[in-house]
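The structure appears below as structure tokens.
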Amino acid sequence: MNSEYSERAGDTAGKGADSGRTDPATETFVAHRNLLFTVAYEMLGSAADAEDVLQEAWLRWAGVDLGTVRDRRAYLVRITTRQALSRLRTLGRRKESYVGTWLPEPLLTAPDVAEDVELADSVSMAMMLVLETLAPTERAVFVLREVFDLGYEEIAEAVDKSPAAVRQIAHRARAHVAARRPRAIVSPTETRDALDAFRRAIETGDLQSLLGILAPDVVLLGDGGGIKQAVPRPILGADKVGRLLLGGLGKVAAAVSLRPAQVNGHPALMLRLDGEIDTVLAVRIDEGLITGLYAVRNPEKLSHMQQETTLHR
């Protein structure tokens, strides 16, 4: 757990258990912590904000009379969703003043995330950007229904709507996402092969090989957050993207290393400059070609690339 609410949990445990065992509220929260983080992260696209939401959820959970709670997991998901919805609206206002393109915060994920194909698909950089196009309540309903398979009545309690309204919202959100999501779920092997070809082309400066793996309508998005230099707007087209990448990386080739990493449940590349993490490069693959390149350079978004984050449904 985050240190701030783990300290609070420790205080609660100390007051409630002479035997040294953790109290039931803390045990329950810890047991579902990875699930709650995943819910919050999928709704927010920000690990830092998801951690803040978990702190707020813990403070509310610590004051609950457990004797009145019929389903502790559902209750925790409900209060986490409500806090995430509130944070999502704040985050929307913050994005309006964000410098350049805003991309989701990448996570270094454990191999078991990739084994859950539906979970990995839902947290892919491409899918997280699709979720960004939903209104806050639509996003909450879609995530809880399609990713976590919650019932309409449970979701209704979480978003303060009627079950009938939630069904309508879910139908609308599914149609919206279906029109924008990647055409098919791509296997890790296919993604790795594309990234290997991409990396070889970059390392050898071979423009023709690079153009061979980039889709003609590939889009490059960069997020520097006003702290690091990044493309200020989307770059469209294989030739423009290829020449930009080779030109930019060629200038610092001696100090750069490109290494594979598991990011948001999918193969990606981590670029180190003079040994330090400089850029996380995630991709979208359609029909064997790279159709989307997402370069996160904002150092404030790279802290979760230092150690693996556990995601869970």
Side-chain angles (χ1 to χ4, degrees), residues 2-4 37 40-55 84 87-109 123-133 195 198-199 202 218-236 240-264 266 268-284 290 292-309:
N2 179 286
S3 60
E4 186 172 326
F37 176 85
Y41 175 72
E42 291 219 25
M43 285 183 60
L44 300 169
S46 164
D49 285 287
E51 292 286 4
D52 287 344
V53 161
L54 260 61
Q55 290 182 34
R87 182 60 64 101
L88 187 57
R89 295 180 178 108
T90 302
L91 196 58
R93 292 191 293 272
R94 197 192 311 164
K95 288 174 189 172
E96 292 174 2
S97 59
Y98 194 80
V99 178
T101 301
W102 185 95
L103 291 176
E105 185 175 348
L107 303 176
L108 185 67
T109 48
V123 296
S124 70
M125 193 69 72
M127 186 59 174
M128 295 290 282
L129 284 171
V130 173
L131 294 181
E132 283 293 313
T133 64
L195 279 171
F198 175 86
R199 184 173 59 154
I202 292 291
V218 63
V219 178
L220 168 64
L221 301 177
D223 180 346
I227 302 171
K228 288 286 191 74
Q229 184 178 2
V231 291
R233 60 187 65 85
I235 305 299
L236 176 65
K240 286 183 179 178
V241 170
R243 291 182 186 280
L244 177 68
L245 289 172
L246 289 182
L249 292 175
K251 296 175 183 177
V252 291
V256 165
S257 68
L258 273 173
R259 295 289 179 267
Q262 194 78 3
V263 176
N264 289 46
H266 294 268
L269 292 174
M270 188 153 42
L271 186 152
R272 291 181 179 270
L273 183 61
D274 294 324
E276 298 294 325
I277 299 175
D278 178 86
T279 306
V280 169
L281 190 65
V283 296
R284 170 174 170 166
I290 296 174
L293 283 161
Y294 314 111
V296 182
R297 300 199 69 209
N298 184 348
E300 294 178 354
K301 292 187 176 183
L302 299 180
S303 62
H304 281 75
M305 292 301 299
Q306 301 290 348
Q307 60 183 20
E308 288 181 353
T309 296

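The model shown is predicted, which means the values in this text are computed figures rather than measured ones.
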key: Worked verdict on Asp49 versus Glu105 for side-chain contact (heavy atoms from CB on, under 4.5 Å)   = CA-CA 10 Å; Asp49 285 287; Glu105 185 175 348; over 6 Å; no
Candidate pair Leu246 and Ile202, rule side-chain contact (heavy atoms from CB on, under 4.5 Å), full reasoning = CA-CA 6 Å; Leu246 289 182; Ile202 292 291; 3.9 Å; yes
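For CZ of Arg243, the number of neighbouring non-hydrogen atoms (other residues, nucleotides, ligands) closer than 6.0 Å is 12 at most. Crowding of Glu300 atom CD: a count of heavy atoms from other residues, nucleotides or ligands under 6.0 Å not exceeding 12. Annotation: Lys95, atom NZ; neighbour count of heavy atoms from other residues, nucleotides and ligands within 6.0 Å is above 12.
The minimum heavy-atom distance linking Leu129 with Pro104 is given by the pair CD2-CD, 3.7 Å. Looking at every heavy atom in both residues, Ala50 comes nearest to Ala40 through CB-CB, 3.8 Å. A pairwise comparison of heavy atoms in Ile290 and Val218 identifies O-CG2, 3.4 Å as the closest pair. Nearest heavy-atom pair, Ala282 versus Ala268, reported as atom, atom and distance to 0.1 Å: CA-CB, 4.1 Å. Closest of all the heavy-atom pairs between Glu42 and Val123 is OE2-CG1, 3.2 Å. Heavy-atom minimum distance, Met125 versus Pro106: CE-CB, 4.1 Å.
In this structure, Lys301 contributes its side chain and Gly225 its backbone to no donor-acceptor pair below 3.5 Å. Arg87 contributes no side-chain N or O that, together with a main-chain N or O of Leu44, makes up a donor-acceptor pair within less than 3.5 Å.
The CZ atom of Arg233 lies 9.0 Å from the OG1 atom of Thr101; values are rounded to the nearest 0.5 Å. Atom CG of Leu269 sits about 4.5 Å away from atom CG of Leu195, to the nearest 0.5 Å. In this structure, the separation between CG on Leu107 and CG on Leu302 is 11.0 Å, given to the nearest 0.5 Å. Here CZ of Arg94 is found 15.0 Å from CZ of Arg89. Values are rounded to the nearest 0.5 Å. Separating the CG atom in Asn298 from the OG atom in Ser303 is a distance of 10.0 Å, to the nearest 0.5 Å. Atom CE of Met43 sits about 11.0 Å away from atom CE of Met128, to the nearest 0.5 Å.
Side-chain atoms of Phe198 and Val283, non-hydrogen and from C-beta on, never get closer than 4.5 Å to each other. In this structure, Leu281 and Leu271 have side chains that are not in contact, with every pair of non-hydrogen atoms separated by 4.5 Å or more. Counting heavy atoms from C-beta on, the side chains of Thr109 and His266 never come closer than 4.5 Å. By the 4.5 Å heavy-atom criterion applied to side chains, His304 and Glu51 are counted as neighbours. Side-chain contact between Val296 and Thr279 is absent, with no heavy-atom pair separated by less than 4.5 Å. Side-chain contact between Gln307 and Leu108 is absent, with no heavy-atom pair separated by less than 4.5 Å.
By the 30° and 60° cut-offs, the orientation of the rings of Phe37 relative to Tyr41 is parallel.
Side-chain contact of Tyr294 with Asn264: a donor-acceptor pair under 3.5 Å is absent, judged by distance alone.
With sequence neighbours excluded, the residues satisfying side-chain contact (heavy atoms from CB on, under 4.5 Å) with Val231 are Leu220, Ile235, Leu244. A search for side-chain contact (heavy atoms from CB on, under 4.5 Å) contacts involving Val99 returns nothing, not counting sequence neighbours.
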